[in-house]
Every structure is written in structure tokens, then in C-alpha cells.
Amino acid sequence: MAAPETPEQIARTRTVTAATVLANGADLRAYPYRLLSVLAHGVGADRVTQAVAAAEVLERSGWELVTVSEFASSRLVYAIMRRR
């Protein structure tokens, strides 16, 4: 099991995992930047589903989805979010 993502780690990497967002484990109130990437792991279309679901959760707290990108070489999906 991976260590929980701390607010400091999220700010340093400018990335939070979709799993953390979906588990309500990300406190982004003190996040100092306007843009944030949401990283989704998984298999096939599940990665996109996770990224978009996390984006919808973040929209409730003042974030908007900019784009979703899949990097085939790494099999990772990122949802890029912007604070409103």
C-alpha cells in the first residue's frame, strides 16, 4: 500500500492521484497553484473513467477540467484541472 499523499507532496509534484480524490483523501484548500494534474492508474478505459470521475469530484470544490490526456508509452491518464 502506498503512503497517503500529503498536501506538501501534492504541492511539490502538482499532482494528486484520482484514487486519493475519489477516496476523499485530498485536502487542496492550501494548494498554492492554479493548475493541478490528476493522475489515474488502471487498465484500459478504467483510467479515463477514474480521471473524469475525480475531475467531477474536484468541480464541486472550485476546480474545472481543462483536458484529459493519455500517455500511451506510460499507460497513464492525466486530467488537468484549473482552479476557478
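Phe71 and Leu39 fall within a single hydrophobic cluster, where Ile, Leu, Val, Met, Phe, Trp and Tyr side chains are chained together by heavy-atom contacts under 4.5 Å. By the rule that hydrophobic residues join a cluster once side-chain heavy atoms approach within less than 4.5 Å of another member, Leu65 and Val16 end up as members of one cluster. Cluster annotation: Met81 is not connected to Tyr78 through the hydrophobic network of ILVMFWY side chains, with a link wherever side-chain heavy atoms come within less than 4.5 Å. Leu76 is not connected to Leu22 by any chain of hydrophobic side-chain contacts under 4.5 Å among Ile, Leu, Val, Met, Phe, Trp and Tyr, and they are in different clusters.
Two residues are said to be in side-chain contact when any heavy atoms from C-beta on lie closer than 4.5 Å; Ile10 and Thr15 fail this criterion. A 4.5 Å side-chain heavy-atom check between Asn24 and Val57 finds every atom pair outside the cut-off. In this structure, the side chains of Val38 and Leu58 come closer than 4.5 Å at one or more pairs of heavy atoms.
Taking CZ of Arg84 as the start and CD of Glu64 as the end, the distance is 6.0 Å to the nearest 0.5 Å. For the atom pair CG (Leu36) and CZ (Arg82), the distance works out to 12.5 Å, reported to the nearest 0.5 Å. Atom CD of Glu5 sits about 10.5 Å away from atom CZ of Arg12, to the nearest 0.5 Å.
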Hey, can you pull the donor-acceptor pairs under 3.5 Å for the side chains in residues 45-56, sequence neighbours left out?
from, atom 1, to, atom 2, distance (Å)
Arg47, NE, Arg75, O, 3.4
Arg47, NH1, Gly42, O, 3.4
Arg47, NH2, Glu70, OE2, 2.6
Thr49, OG1, Ala45, O, 3.2

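With sequence neighbours excluded, the residues satisfying ring-ring contact (aromatic ring centres under 6.0 Å, His included) with Tyr31 are Tyr33, Trp63.
Remark: side-chain polar atoms of Ser37 are paired, donor with acceptor, to backbone N or O of Arg14 under 3.5 angstrom.
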